[in-house]
Amino acid sequence: MMRHSLIELEAVLAIVRCGSFRAAALDLGMSTTAISNAVGKLERELSVRLFNRTTRSVSLTYAGRIFVAQIKPALEDIQKAMNTARAQQETPSGTLRINAFATAAREIMAPLILTYLQRYPQVHIDLVTEGRLVDVVAASFDLGIRSADLVPSDAIAISLGQMRRMAVVASPTFFDGSTIPQLPRELLGFPCLRIRLPNGALFRWRFEKGGEELQVDVEGPMTLDEASLARIAVTNGVGIGYFMEADVREDIADGRLVRILEDWTPPLAPLCLYYPNRRNSSAAFQAFVALARDFANRRL
């Protein structure tokens, strides 16, 4: 199969545009001999003469005119694509694909992602949230956001510095007439919202205090796989819920929910932005990483 370099095709168009081999050579920054050899090589491979040459002039043959008419639009498209690629190295634009747990995405949506979009309006963020762990490279994502203990060992990770904890909450009137649980095992005497993991398994509520770790297989009237639905149920007094603190922080502050067992929910691994080692990454990618580092530094 014959393969021609762009320089051979560009040489043909330059000769047509400039009117001579010498002028075309100057235009492309080549020697006259080099451009003549490029065209000669192309003609031999095509088995057709593209130019009529004399000592005073050069003109396209009939085959040359057809050839130029066909390659010129294609080369213009290639040049346009190359210019677009270069532009993405200079001005943040294009699309960034990010994969994250839903809870992680909610935590960094306003302070990081929306701030980025306000600063770089030519970038489109494609944010995919899912509970399962994803190979961001194989799934064609630019970046991933996970807790530090779930980041692949060969990835570059930026700790986002977020203090993260779980929170056990109920509606303010839920414990009217009953004793508030002081120990995780006492939850077994109350209706709780069960959590279903993405793989279908039921999640056991996890606690830790003074080096003691516990997992409680709670029971209750509902099993849910989405925190926003569980929050609605808990605020309406259906049962006790187990959430990422960030998902119910405002509800606690505003008195819509009360927190229990706080001393049994120690800090968790921080969120991390991670990505594979990238060379020649786009300006959009570099700008997001830079903003994430700045965001993390402000948190520390």
Side-chain angles (χ1 to χ4, degrees), residues 92 94-120 123-168 195 197-199 201 203-208 213 215 225-228 230-231 242-250 262 264-300:
T95 296
L96 276 182
R97 300 194 72 231
I98 303 173
N99 185 279
F101 287 153
T103 53
R106 286 193 289 269
E107 287 188 49
I108 54 90
M109 172 63 82
L112 181 54
I113 294 179
L114 296 187
T115 298
Y116 177 85
L117 287 175
Q118 290 168 358
R119 191 171 297 182
Y120 304 108
V123 179
H124 175 85
I125 296 289
D126 182 3
L127 177 62
V128 176
T129 60
E130 50 191 323
R132 66 188 181 96
L133 284 172
V134 172
D135 182 335
V136 294
V137 176
S140 299
F141 287 99
D142 298 293
L143 302 149
I145 299 173
R146 291 286 187 268
S147 59
D149 53 340
L150 296 177
V151 173
S153 59
D154 60 347
I156 297 173
I158 301 172
S159 176
L160 297 179
Q162 292 278 87
M163 172 64 74
R164 305 170 68 241
R165 299 176 66 184
M166 302 305 297
V168 184
I195 301 169
L197 298 172
N199 64 5
F203 176 76
R204 294 187 175 203
W205 294 12
R206 297 173 180 173
F207 299 94
E208 180 185 344
E213 297 183 8
Q215 293 187 19
D225 62 0
E226 169 50 45
S228 61
R231 176 182 165 277
Y242 184 86
F243 298 89
M244 289 298 305
E245 182 184 56
D247 287 340
V248 291
R249 186 177 291 126
E250 291 184 5
E262 186 170 357
W264 281 92
T265 54
L268 301 172
L271 284 180
C272 281
L273 177 76
Y274 69 98
Y275 54 93
N277 187 17
R278 290 207 170 191
R279 297 178 179 176
N280 301 320
S281 54
S282 69
F285 178 93
Q286 295 175 30
F288 193 91
V289 170
L291 184 63
R293 292 188 187 279
D294 181 60
F295 171 79
N297 290 335
R298 292 197 309 270
R299 294 278 173 172
L300 295 176

### Summary
Between A157 and V151, the two heavy atoms sitting closest are CB-CG1, 4.0 Å
### Message
I'd like to check M109 versus L127 (side-chain heavy atoms, cut-off strictly below 4.5 Å). Are they in contact?
### Response
yes
### Task
With the side chain counted from C-beta on, respond yes when R97 and S140 share a heavy-atom pair under 4.5 Å apart, and no when they do not.
yes
### Message
Run the side-chain contact (heavy atoms from CB on, under 4.5 Å) test on F243 and T103 for me, step by step, so that the C-alpha distance in whole Å, both residues' side-chain angles and the decisive distance to 0.1 Å come before the verdict.
### Response
CA-CA 9 Å; F243 298 89; T103 53; over 6 Å; no
### Task
Any chance you could measure I98, atom CD1, to I125, atom CD1, to the nearest 0.5 Å?
4.0 Å
### Task
Would you please indicate yes or no on a ring centroid separation below 6.0 angstrom for Y242 and F207?
yes
### Query
Closest heavy-atom contact between E208 and P266?
O-CD, 3.4 Å
### Message
If you count heavy atoms of other groups shown closer than 6.0 angstrom to CD of Q215, is the number above 12?
### Response
yes
### Message
Can you give me the closest heavy-atom contact between A292 and L273, atom names plus distance?
### Response
CB-CD2, 3.5 Å
### Task
State, yes or no, whether a side-chain contact exists between L96 and Y116 at a heavy-atom distance under 4.5 Å.
yes
### Query
Hey, does D247 have a side-chain heavy atom less than 4.5 Å from the side chain of R231?
no
### Message
Looking at N297 and R293, would you say the former's side chain and the latter's main chain have a donor-acceptor pair under 3.5 Å?
### Response
yes
### Task
Find the distance between CG (D135) and CG (N99) and round it off to the nearest 0.5 Å.
10.0 Å
### Heavy-atom pair with the smallest gap, counting every atom of V136 and P276
CG2-CD, 4.3 Å
## Note on the structure
One should read off an interatomic distance between L160 CG and E107 CD, to the nearest 0.5 angstrom, of 9.5 Å
### Task
Go through the steps to decide whether W264 and V168 satisfy the test side-chain contact (heavy atoms from CB on, under 4.5 Å), and finish with yes or no.
CA-CA 9 Å; W264 281 92; V168 184; over 6 Å; no
### Query
Taking C-beta and beyond as the side chain, do L268 and M244 meet within less than 4.5 Å on heavy atoms?
yes
### Query
With distance as the sole test, does R146 use its side chain to make a donor-acceptor pair with the main-chain N or O of C272 at under 3.5 Å?
no
### Task
Output the distance between atom CZ (R165) and atom OG1 (T265), rounded to the nearest 0.5 Å.
4.0 Å
### Message
Please evaluate residues D154 and Y274 with respect to the criterion side-chain contact (heavy atoms from CB on, under 4.5 Å), reporting the C-alpha separation (whole Å), side-chain torsions for both, the decisive distance (0.1 Å), and the verdict.
### Response
CA-CA 10 Å; D154 60 347; Y274 69 98; over 6 Å; no
### Task
Could you pull out the closest heavy-atom pair between F295 and P111, with the gap in Å?
CE1-CB, 3.4 Å
### Task
Considering non-hydrogen atoms only, spot the tightest contact between Y120 and P92 and give its length.
CD2-CG, 3.5 Å
### Task
Report yes if the side chains of F288 and L112 come closer than 4.5 Å at any heavy-atom pair, otherwise no.
yes
### Message
Side chains of L143 and V289, heavy atoms from C-beta outward: is any pair under 4.5 Å?
### Response
yes
### Summary
So CD1 of I195 and CZ of R204: to nearest 0.5 Å the spacing works out to 13.5 Å
### Message
I'd like to check N199 versus R132 (side-chain heavy atoms, cut-off strictly below 4.5 Å). Are they in contact?
### Response
no
